[in-house]
Amino acid sequence: MSIRIDQKLCLSCGRCALVCPGGLIAQDEEKKAFVKYPKDCWGCAACLKECQSGAIRYFLGADLGGKGAYMYTRDEPDFLHWFIVCNGKSHKLTINKRESNKY
Amino acid sequence: MVRKLSEIVLKPCVLKLQPEILETDILIIGGGTAGCFSALTIAENSKAKVLIAEKAHIKRSGCLAAGVNALNAYINPGETPETYVDYVKKEAAGIVREDLVLSLARKLNQVTQKLEQIGLPILKDDQGNYVARGKRSIKINGESIKPLLAQAVQNQKSVQVLNRVNIIDYIVRDQKVIGAYGFSLEKNIFYVIYAKAVICTTGGAAGLYKPNNPGFSRHKMWYSPFNTGAGYAMGIRAGAEITSLEMRFIALRCKDTIAPTGTIAQGVKARQINSYGREYVDEYQECDQVQDNIEISTVLRLYATVTEKREGRGPCYLRTQGITEDQEQELYKAYLNMAPAQTLKWFEQGRGPRSQNVEIEGTEPYIVGGHSASGYWVDGQRMTTLPGLLAAGDVAGGCPKKYVTGCLAEGEVAALAALRYIGSGSTNKDVRLEPGEIQDKLDAVNQFFRNEQGPYDLDQVEEAMQKVMDEYAGGISAGYIMNRTKLQLAAQLIEELLKISQTLSAENLHELLKIHEIIDRLYVCKVLIAHLEARKETRWLCYQHDADFPAKDDLHWRKYVNSRYENGEVKIVLRELVKRDEIYEHSD
Ligand SMILES: Cc1cc2nc3c(=O)[nH]c(=O)nc-3n(C[C@H](O)[C@H](O)[C@H](O)COP(=O)(O)OP(=O)(O)OC[C@H]3O[C@@H](n4cnc5c(N)ncnc54)[C@H](O)[C@@H]3O)c2cc1C
Ligand code: SF4
Ligand code: SF4
């Protein structure tokens with residue numbers, strides 16, 4: 001369980017580093033974010049939801065059955081879009097933030 | 001108000017912290033669920049200055065980081081606060097503070113309304129009533145519950161938030177708590193914070209035991225791995241009375257992702273089956289310590305699963321095969337709102353819950369007062385045995401099944417009590433430490449920067465602690481069962497690790513944090529082992545299953561096992577059960 005950050009997409013805003021509940025993300029000299037402690041990730045996805053550029057990819061470790069798939073998000077005021085990329089195919093799931101769960 | 005202690009001269013070292021003194025009326029340690037709500041309550045009811053010291057950032061810190069599933073504690077039509085207490089008492093096999101549960105149950109619905117006011121989506125029917133999910137729960141979209149709470153706190157002018165500050169110990173004078181020490185995770189600052197009252201809301205403790213996924217995904221656990229029992233440990237070191245640590249909490253979760261199972265079990269009514277497809281839980285009813293044939297207890301579902309697996313009938317599953325496509329889509333979304341790894345796992349496998357059952361397993365044991373009864377021994381106002389120190393949420397004991405709304409309710413009770421306390425004239429508000437005392441504490445912290453790298457690093461000490469607890473104090477590999485020989489071995493090994501932990505070396509502030517997290521967990525382990533040894537019966541399967549005393553013994557053990565840490569020893573105190581309508585005050 002962890003995340004990877006694509007520094008090419010990173011806008012150096014620092015928001016992911018600010019919200020991570022474990023303080024696991026740091027920024028380099030150009031303020032680009034990187035995961036300093038990948039094995040300490042809880043998988044809460046707080047960092048993903050902060051990232052405006054979709055630079056943060058959330059994946060399952062091989063010990064959890066990970067095989068290369070990953071997710072990222074795009075946030076809008078009323079919707080949160082999740083993109084799950086798996087075997088070269090991208091699936092989009094949209095959550096209406098104002099609607100409650102059915103379960 | 002900030003005063004620099006310029007008279008303090010620090011020895012040269014690699015990295016060193018500089019002291020800074022802050023003052024406030026009420027210090028809240030931990031800006032999580034209970035802490036944020038305490039701050040809101042104080043701001044809305046007084047002009048008192050509040051300082052929240054939070055080790056992460058209140059926007060997403062603590063248990064609520066990923067979001068939650070439902071509000072699990074709500075009094076739906078047909079239920080009453082009294083029936084809520086009856087339920088909690090049954091689930092905890094009698095070892096609860098009924099007075100605390102009742103006071104909290106009476107506030108559940110009111111704090112829920114407040115959550116809705118600050119923006120939490122709650123499902124309603126055509127008449128505008130909340131839709132019941134179970135007898136005592138309602139349906140929400142809990143993804144953004146923490147940012148909503150944090151925003152409400154940030155709107156209050158009288159509340160100052162110190163993010164990225166880790167608190168390490170209380171400042172105690174004449175038996176009263178008058179503040180706390182901490183350090184910044186961003187700047188080399190050592191904080192000395194004075195307050196007229198302190199509310200501890202640091203949550204429970206994870207990472208004591210070897211986790212389900214001990215390798216790369218070691219932090220993919222149910223409870224927040226960043227809640228490392230700091231509040232318990234600080235209380236232990238300061239001599240506060242602690243209750244019921246032996247009532248551990250072990251959750252039944254989806255395998256690997258350790259995601260909640262209730263959403264599937266309640267949402268699509270999936271039953272638990274073993275590898276032969278047999279529904280097994282009902283077969284265990286006579287083992288239930290809780291003795292209730294109407295509702296199957298939480299612990300029995302777990303015990304039944306653990307036993308099926310041990311006897312070779314695993315893996316066990318939630319039978320989801322054959323649910324509808326709509327149901328599958330709803331499950332994907334519900335999990336994204338609280339445990340996104342589970343949705344990713346379904347996609348990664350190329351098969352969702354409609355085409356395969358969901359494997360389940362028991363987690364490692366946690367100490368968490370919001371689910372079980374472990375934590376500070378408090379009076380009816382949530383004052384601990386140290387005057388000036390209140391506790392609320394997962395760190396406070398005696399009151400299981402608080403969940404989110406119970407933590408909010410308790411945060412409110414503690415906040416109002418803190419206001420009464422600071423208005424009462426019994427605070428030590430003008431007492432201050434001598435510069436030499438601050439220097440001593442600061443030296444002890446800076447010592448970790450000065451320590452040379454020894455043979456053992458942080459990861460090794462953590463691994464050793466988790467292994468000891470797993471094998472000798474009833475972890476997963478021991479089937480959650482223990483006996484006295486094992487517990488004594490555990491006690492000895494934890495003592496040795498406590499000594500080693502003092503030799504750890506830090507190169508940066510994050511490592512300094514990790515060292516304190518390990519030391520705190522070792523203190524919790526030490527006291528936990530003493531509690532497990534003290535209760536000479538088996539009160540709860542899995543949570544506290546004692547091979548030396550495998551039966552429940554109501555005659556002798558309808559009691560609280562409490563403890564105080566005195567001169568390096570854990571002193572056990574057994575207390576009689578407190579009644580529902582009793583007004584409990586500390587007397588001895
Ligand atoms: C994954 C998960 C899912 C859950 N789902 C549900 C659900 O669906 N429904 C429900 O009702 N309940 C649920 N619960 C239970 C509920 O969320 C918790 O009981 C509740 O949030 C705990 O609140 P708290 O204030 O005690 O702790 P937290 O909200 O965790 O707050 C503790 C805070 O203290 C901070 N802190 C810790 N140590 C220090 C220190 N030394 N210095 C400074 N700050 C510190 C932490 O960073 C954190 O912000 C869930 C719990 C978990 C873990
Ligand atoms: S939130 Fe995204 S853009 Fe901002 S620093 Fe983090 S990775 Fe970069
Ligand atoms: S998923 Fe959560 S714990 Fe992991 S890096 Fe992101 S914010 Fe931190």
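Each chain gets a letter, A, B and so on, in the order the sequences are listed, and its residues count up from 1.
With contacts defined as side-chain heavy-atom distances shorter than 4.5 Å, the pair A/Asn101/B/Leu123 does not qualify. Taking 4.5 Å as the limit, some side-chain heavy atom of A/Lys36 sits within range of a side-chain heavy atom of B/Asn508. The shortest side-chain heavy-atom distance between B/Ser217 and A/Leu64 falls under the 4.5 Å cut-off. Between B/Phe347 and A/Leu93, some side-chain heavy-atom pair lies under the 4.5 Å cut-off.
Evaluation of the side-chain contact (heavy atoms from CB on, under 4.5 Å) rule for B/Cys63 yields B/Tyr223, B/Asn227, B/Asp394 as partners, not counting sequence neighbours.
The part of A/Tyr37 that comes within reach of chain B is its side chain, from C-beta onward, which places non-hydrogen atoms under 4.5 angstrom from that chain. Only the backbone of A/Asn96 comes within less than 4.5 Å of a heavy atom of chain B; no side-chain atom from C-beta onward does.
Taking a cutoff of 4.0 Å between a charged side-chain nitrogen and a carboxylate oxygen, A/Asp40 and B/Arg218 qualify as a salt bridge. Between A/Glu50 and B/Lys59 there is a salt bridge, since a side-chain N of the basic residue sits under 4.0 Å from a carboxylate O of the acidic one.
Shortest non-hydrogen contact noted between A/Tyr103 and B/Glu330 is CE1-CB, 3.4 Å. Nearest heavy-atom pair, A/Gly66 versus B/Glu348, reported as atom, atom and distance to 0.1 Å: CA-OE1, 3.4 Å. B/His219 and A/Cys41 make their closest contact through CB-O, 3.3 Å (heavy atoms, listed as atom of the first residue, atom of the second, distance).
Residue-level contacts of residues 509-518 of chain B with chain A, in order of numbering, are B/His510, B/Lys514; threshold 4.5 Å between heavy atoms.
A distance of 11.0 Å separates CG in B/Asn141 from CZ in A/Arg98, rounded to the nearest 0.5 Å.
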